[in-house]
Amino acid sequence: MPVRLRKFRLEDLPEVMRIELSSFPSDAFDELTFVQLYESCGDLFLVAEHEGRIVGYSITCVEWEGGELVGHVHSIAVDPAFRRQGVGRALMEETFRRLRSLGVGEVRLEVSVSNAAGLRFWQSLGFKPVGVRKRYYADGSDALVMRRELP
């Protein structure tokens with residue numbers, strides 16, 4: 001399915017919130033969190049459009065860790081009607097391209113240990129588990145910390 005990827009704009013917030021709430025009913029970010037992430041990670045806050053409609057988004061920030069630039073995926077979600085059609089993969093491949101151009105050599109993220117589809121998705125993109133964050137999510141579940149090098 002063809003999608004157009006572009007940087008998030010504040011007027012996209014209602015559509016991003018719709019996708020967020022349908023994807024993370026108990027752990028959804030609020031509007032203020034999205035605005036803050038936009039302000040601090042704007043060039044890596046991407047949306048995917050299909051026929052003029054936003055069908056997915058991803059947010060990655062660049063952070064200093066141990067003297068190195070590291071990408072941190074804060075969130076990614078795809079409209080339920082458009083899942084398993086390559087939207088998430090397209091968002092992440094564009095994110096990886098942008099991170100490489102900034103000199104970032106590694107990407108990290110957290111995913112719920114109970115999110116089987118998410119775990120498969122991240123593993124398919126080359127992410128490997130490196131740790132666990134206990135009681136990371138609002139429901140008390142643990143997060144698996146995953147990382148991937150960007151060659």
Side-chain angles (χ1 to χ4, degrees), residues 1-65 68-112 114-127 130 133 136-139 141 143-151:
M1 177 185 74
V3 293
R4 182 174 85 88
L5 304 177
R6 64 169 174 79
K7 291 189 334 187
F8 168 87
R9 298 185 293 253
L10 286 175
E11 59 263 29
D12 300 328
L13 190 54
E15 282 300 295
V16 167
M17 285 303 303
R18 178 186 59 77
I19 294 167
E20 176 76 0
L21 292 167
S22 68
S23 300
F24 307 109
S26 65
D27 266 335
F29 287 167
D30 59 23
E31 289 186 3
L32 179 59
T33 300
F34 279 110
V35 171
Q36 290 170 334
L37 287 167
Y38 166 70
E39 290 171 351
S40 57
C41 317
D43 288 346
L44 294 167
F45 188 161
L46 305 177
V47 295
E49 288 182 325
H50 176 68
E51 297 178 353
R53 177 180 174 195
I54 294 175
V55 297
Y57 74 85
S58 66
I59 308 168
T60 302
C61 296
V62 176
E63 301 162 359
W64 281 99
E65 286 187 28
E68 293 183 351
L69 288 175
V70 175
H72 183 228
V73 179
H74 285 274
S75 189
I76 179 172
V78 175
D79 182 313
F82 292 89
R83 290 185 184 152
R84 302 191 56 82
Q85 298 181 49
V87 176
R89 183 171 297 277
L91 284 162
M92 290 315 304
E93 287 175 355
E94 176 63 15
T95 297
F96 297 155
R97 187 189 69 71
R98 290 177 184 225
L99 288 170
R100 281 186 200 100
S101 75
L102 296 171
V104 175
E106 177 181 319
V107 185
R108 296 184 189 158
L109 58 90
E110 293 84 18
V111 60
S112 174
S114 62
N115 182 349
L119 290 166
R120 281 192 306 274
F121 172 72
W122 294 116
Q123 289 168 339
S124 78
L125 287 170
F127 283 82
V130 294
R133 294 194 199 281
Y136 183 80
Y137 293 102
D139 67 1
S141 65
L144 188 63
V145 180
M146 302 185 81
R147 72 177 289 275
R148 174 200 156 142
E149 290 184 18
L150 290 177

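We count residues from 1, following the sequence as given. Here the structure is a predicted model, which means the values were calculated and not measured.
R100 places a side-chain N or O within 3.5 Å of a backbone atom of P151 that can act as its donor or acceptor partner. Not a single donor-acceptor pair under 3.5 Å links the side chain of R133 to the backbone N or O of E110. The closest donor-acceptor contact from the side chain of S23 to the backbone of E20 lies at 3.5 Å or more, if one exists at all. Side-chain N or O atoms of R83 include one that pairs as donor or acceptor with a backbone N or O of V78 at under 3.5 Å.
Look at R147 and E149 and you find a salt bridge, because one of the NZ, NE, NH1 or NH2 atoms lies within 4.0 Å of a carboxylate O, short of that distance. Using a 4.0 Å cut-off between a side-chain N of Lys or Arg and a carboxylate O of Asp or Glu, R97 and E93 do not qualify as a salt bridge.
Proximity of the aromatic rings of Y57 and F34 is defined here by a centroid distance below 6.0 angstrom, and this criterion is met.
Within the 4.5 Å cutoff, side-chain heavy atoms of L37 are placed close to those of C61.
Other residues, nucleotides and ligands contribute only 12 or fewer heavy atoms inside 6.0 Å of the CD atom of E68. Within a 6.0 Å radius of CD in E65, more than 12 heavy atoms belonging to other residues, nucleotides or ligands are found.
Evaluated for a side chain to side chain contact (heavy atoms under 4.5 Å, CB included) with S58, the options L44, I76, V47, L5 yield exactly one hit, I76.
Between F127 and W122, the ring planes lie perpendicular to each other; the angle is over 60°, past the 30° to 60° tilted range.
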* What's the verdict on side-chain contact (heavy atoms from CB on, under 4.5 Å) for M92 and T95, showing C-alpha distance, side-chain angles and the deciding distance? -> CA-CA 5 Å; M92 290 315 304; T95 297; 4.2 Å; yes
